[in-house]
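Presented below is the structure to which this report refers.
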Amino acid sequence: MKKIIIIGASSGMGMRVATDFARLGWRVGIAARREDRLKEIKALYPDRVEYMVMDVAAPDAVDKFYNLIELIDGMDYMLYAAGCGWYNPALDESRDAETIDVNVKGFTAIITAAYKYYRDTANLHRGHIAAITSVAGMKGIGVSASYSASKRYQWTFLQAIDQLAHQQHVNVSVTDIRPGFVDTPLLGAHKNYPMEMSVDYVAPRLETAMLRGKRVAYIDSRWAVVTALWRMVPDSLWRRIELIREE
């Protein structure tokens, strides 16, 4: 029986992926801050799901992560689906701090812990580390500065971990899943987002990319084209582009 750990499973993409794999018969370990949501998922699949209440930015996050692995007796896949981001043109410091705590501090701690788990257990079968990042990592987005910057950090960190695994001969693959705008609680309301996608549309594509062990997966192909074009936009023009607008 395959086993997967999902960090950030209380809503959005994390919750959807957790229920999908539990329905398929996998052993699923889920973690998030909201225990009520975690209990709801476990109640749906009581024999397949175990949960751990966890704040990824807390000092005990890594210990709880390893405890969750023990609860499901191993880990074939790990998906980091926790995320924080704000429409923050006012540059509210508390919102920026929370974004950095989840998307940088917590992300680094859990991805590192997953890597060390695979390194130290010397698995005969390849392990998998996947994370939901964002197309926002391609360019700095003025109204979501800390969010877009944190996603660029995630891109780079995953690339570095993939290189380290090759150099240290650790049997693990790394998948960076870069969706465009997805209709989840993270987006918030009263904004116009270009090419917004539903969870139902994104989830199967995300799962396929992870299971195939793709190094980088844009969801969907439109966003792969868009971000390639963004890469070529000079700063003098980028500063004039308004991606997200109030309704």
Electrostatic pair Asp55:Lys64 at N-O distance under 4.0 angstrom: no
hydrophobic_cluster_shared for Ile129 and Val17, side chain cutoff 4.5 Å: no
Side chain to side chain contact (heavy atoms under 4.5 Å, CB included) evaluation trace for Leu68 with Leu71: CA-CA 5 Å; Leu68 184 57; Leu71 280 177; 4.2 Å; yes
Single-linkage hydrophobic cluster, 4.5 Å side-chain cutoff, Phe157 and Val216 together: no
Glu50 and its side-chain contact (heavy atoms from CB on, under 4.5 Å) partner, picked from Val28, Ile72, Asp73, Asn67: Ile72
Nearest-0.5 Å distance that lies between atom CD1 in Ile30 and atom CD in Glu40: 10.0 Å
Path from Val172 to Tyr80 over hydrophobic side-chain contacts below 4.5 Å: yes
Counterpart residues, salt bridge (Lys or Arg N to Asp or Glu O under 4.0 Å), relative to Asp63 (two or more places apart): none
Short side-chain donor-acceptor distance under 3.5 Å, Tyr147 and Asp96: no
Straight-line distance of Tyr201 OH to Leu206 CG, nearest 0.5 Å: 13.0 Å
Test side chain to side chain donor-acceptor pair (under 3.5 Å) applied to Ser94 and Asp92, step by step: CA-CA 6 Å; Ser94 63; Asp92 182 287; 2.4 Å; yes
More than 12 heavy atoms of other groups within 6.0 Å of Asp36 CG: yes
Arg27 versus Met1, closest heavy-atom pair with distance: CG-SD, 2.8 Å
4.5 Å side-chain heavy-atom contact, Arg212 and Thr208: yes
Close side-chain approach of Arg37 to Ser11, heavy-atom, < 4.5 Å: yes
Beyond-backbone contact of Arg222 with Met197, side-chain heavy atoms, under 4.5 angstrom: yes
Side chain to side chain contact (heavy atoms under 4.5 Å, CB included) between Thr112 and Lys116, worked out: CA-CA 6 Å; Thr112 299; Lys116 289 180 177 180; 3.8 Å; yes
Val182 reachable from Leu79 in the ILVMFWY side-chain graph, under 4.5 Å edges: yes
Met78 vs Tyr117 side-chain heavy atoms within contact, under 4.5 Å: no
Inter- and intrachain pairs under ring pair (Phe, Tyr, Trp, His ring centres under 6.0 Å), touching residues 36-65, at least two apart: none
SB check Asp20 Arg16 (cutoff 4.0 Å): yes
Thr99 to Gly85 - nearest heavy-atom pair and separation: OG1-CA, 4.0 Å
Heavy-atom pair with the smallest gap, counting every atom of Ala61 and Ile110: O-CD1, 4.2 Å
Inter- and intrachain pairs under ring pair (Phe, Tyr, Trp, His ring centres under 6.0 Å), touching residues 1-29, at least two apart: Phe21-Trp26, Trp26-Tyr77
Charged N-O contact under 4.0 Å between Arg215 and Asp162: yes
Distance in Å, Ser148 OG paired with Ile141 CD1, rounded so as to fall on 0.5 Å steps: 5.0 Å
Least distance between heavy atoms, Glu98 atom then Cys84 atom: CG-SG, 3.6 Å
Residues in side-chain contact (heavy atoms from CB on, under 4.5 Å) contact with Ala209, at least two apart in sequence or another chain: Lys214, Ala217
CA sep, side-chain torsions, deciding dist, call: Asp60, Val62, side chain to side chain contact (heavy atoms under 4.5 Å, CB included): CA-CA 6 Å; Asp60 62 355; Val62 170; over 6 Å; no
All pairs passing side-chain hydrogen bond (donor to acceptor under 3.5 Å, both in side chains) where residues 1-10 contributes a residue, at least two apart: none
Tyr66 side chain vs Ala113 backbone, donor-acceptor pair below 3.5 Å: yes
Evaluation steps, side chain to side chain contact (heavy atoms under 4.5 Å, CB included), between Val102 and Val56: CA-CA 6 Å; Val102 175; Val56 295; 4.2 Å; yes
Side-chain heavy-atom pair His128, Met210 within 4.5 angstrom cut-off: no
Gap between atom CE of Met75 and atom CD1 of Ile5 - 0.5 Å precision: 6.5 Å
Residues that Arg126 engages under side-chain hydrogen bond (donor to acceptor under 3.5 Å, both in side chains), provided they are two or more places apart: Asn171
Donor-acceptor contact below 3.5 Å, side chain Trp155 vs main chain Ser134: yes
Beyond-backbone contact of Ile41 with Met15, side-chain heavy atoms, under 4.5 angstrom: yes
Main-chain N/O of Ile100 paired to Lys105 side chain as donor or acceptor, under 3.5 Å: no
Contact check, side chains of Ile111 and Ile161, non-hydrogen atoms, under 4.5 Å: yes
Point-to-point distance, once rounded to the nearest 0.5 Å, from CD1 of Ile219 to CD1 of Ile177: 6.0 Å
Heavy-atom side-chain contact between Pro89 and Tyr87 under 4.5 Å: yes
Reference residue Tyr153; test side-chain contact (heavy atoms from CB on, under 4.5 Å); the match among Thr133, Val104, Leu158: Val104
Non-hydrogen atoms of Ser150 and Asn103 that approach each other most closely: OG-ND2, 3.1 Å
Nearest-0.5 Å distance, CG of residue Asp220 to CZ of residue Arg178: 15.0 Å
Minimum heavy-atom distance between Gly14 and Ala81, given as atom pair plus value: CA-CB, 3.8 Å
Whether over 12 other heavy atoms sit under 6.0 Å from Arg33 CZ: no
Met195-Val135 co-clustered via ILVMFWY side chain contacts under 4.5 Å: yes
Atom CD of Gln167: over 12 foreign heavy atoms under 6.0 Å: yes
